[in-house]
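Working notes for the structure below.
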Amino acid sequence: MVCFKDEAMHRTCNILFGAAVALAALTGCAPKDPPYGTEYIRRLPRDGRAIWAVAPAINLSGQREVDSLLQADLVYAQVQQVRGLTVIPVNRVAEVYAGLGIEQVHSAEQAALVCDLLGCDALLVPTVTAYDPYDPPKLGASLHLFRKPGTYARPANVDPRELARAASPPAEQSLPQEGDFLQAVGIFDAANGSVREALFNYAKGRNDPVGPMGAKEYLISMDRYCSFVYQSLTGDLLRSMRRRG
């Protein structure tokens, strides 16, 4: 009888030990969720502070589905993440444009006038030059930053249309090339490996890595892809500011 009890206890111990080993193996082999990631934070050069306004985008792509206000809103969402920047949204700029009777700025003087009316330091004008929303998406764009001169004084009874006629660019030129401005230009084709790598790096910290699509969502959603492009161009613009000093 004693031997029977000892044998039963031995079998029970073996079963419990085996179960513990199996549980430990399952726990050790269970896949861990990938880390969420952290987005890169941009800052104004020398930790400065400034006020920018984002203008409605200029569409030169030839694609009618490009929404100028939506593209400007996407730029606004990226630029306002730059530390040290206060950004005036596009609807405020559109109101000033309407008050002046213009659809876009055609001269540095016009841009300075818009800045003065808005109380900002610079006007950021996006331009879309190529637009293909189908996978792999493609976007050509530029960011043109007009900075109001420190000595600017608004003239009395200014006629913005007269300013435009005095400094109107050629027909093939979308924006004036004189004055204190910076620009960043690029064409981002997701068919290129370098662009795709940069896109997936941008997605880290901005999407759920265990979601059904993961970072590939940025290849399907054109708005998300445009945001990536504008974030890249914003970085180029800030680097130009650092080089200029």
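Just so you know, these numbers come straight off a predicted model, no measurement behind them.
In terms of heavy-atom proximity, Cys120 sits nearest to Ile51 at CB-O, 3.5 Å. Of all the heavy atoms in Gln104 and Ile58, the pair that sits closest is NE2-CD1, 3.6 Å. Nearest heavy atoms, Ala55 versus Pro126: O-CD, 3.3 Å. Across all their heavy atoms, Leu182 and Met241 have their closest contact at CD1-CG, 3.2 Å. Of all heavy-atom pairs between Leu233 and Gly186, the closest is CD2-N, 3.9 Å. Minimum interatomic distance between Ala72 and Val54 (heavy atoms only, all atoms of both residues): O-CG1, 3.6 Å.
For the pair Glu217/Ile220, no side-chain contact is recorded, criterion being any heavy-atom separation below 4.5 Å from C-beta on. Put simply, the side chain of Met222 does not reach to within 4.5 Å of the side chain of Lys138, judged on heavy atoms. A heavy-atom distance below 4.5 Å is not found between the side chains of Tyr97 and Leu100. Using a 4.5 Å heavy-atom threshold, the side chains of Leu219 and Pro137 count as touching. Contact of the Leu143 side chain with the Gln183 side chain is not registered, since no non-hydrogen atoms from C-beta on lie closer than 4.5 Å. Taking the side chain as every heavy atom from C-beta outward, Leu69 and Asn91 never approach each other to under 4.5 Å.
Evaluation of the side-chain hydrogen bond (donor to acceptor under 3.5 Å, both in side chains) rule for Asp116 yields Arg154 as partners, not counting sequence neighbours. Under the side-chain hydrogen bond (donor to acceptor under 3.5 Å, both in side chains) criterion, Asn59 pairs with Ser61, sequence neighbours left out. Here Tyr230 pairs with Gln71 under the side-chain hydrogen bond (donor to acceptor under 3.5 Å, both in side chains) rule; sequence neighbours left out.
Of the inter-residue distances, the one linking Gln81 atom CD with Tyr76 atom OH reads 10.5 Å to the nearest 0.5 angstrom. If you take OG1 on Thr234 and CZ on Arg239, they are separated by 10.0 Å, rounding to the nearest 0.5 Å. Put simply, CZ on Arg147 and CH2 on Trp52 are 8.5 Å apart, with the number rounded to the nearest 0.5 Å. One finds the CD atom of Gln63 at 11.5 Å from the OG1 atom of Thr129 (value rounded to the nearest 0.5 Å). Taking CZ from Phe188 and CG from Leu139, the interatomic distance works out to 8.0 Å, rounded to the nearest 0.5 Å. We find the CG-CD distance between Leu118 and Glu95 to be 9.0 Å, quoted to the nearest 0.5 Å.
Although no hydrogens or angles enter the test, the distance criterion places a donor-acceptor pair under 3.5 Å between the side chain of Arg196 and the main chain of Ala190. Counting only distance, with no hydrogens or angles, the side chain of Glu197 and the backbone of Gly193 share no donor-acceptor pair below 3.5 Å. In this structure, the side chain of Ser142 does not engage the main chain of Val185 through any donor-acceptor pair within 3.5 Å.
Sparse packing is recorded around CD of Glu103, with 12 or fewer heavy atoms of other residues, nucleotides or ligands lying under 6.0 Å away. For Leu70, the CG atom counts as densely surrounded, since its 6.0 Å shell holds more than 12 non-hydrogen atoms of other residues, nucleotides or ligands.
With hydrophobic clusters built from ILVMFWY side chains whose heavy atoms lie under 4.5 angstrom apart, Val90 does not share a cluster with Val87.
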The test is side-chain hydrogen bond (donor to acceptor under 3.5 Å, both in side chains); show your working for Arg243 and Ser240 and say whether it passes. CA-CA 5 Å; Arg243 287 194 294 269; Ser240 295; 3.2 Å; yes

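Between Phe228 and Tyr218, the distance from one ring center to the other does not fall under 6.0 angstrom.
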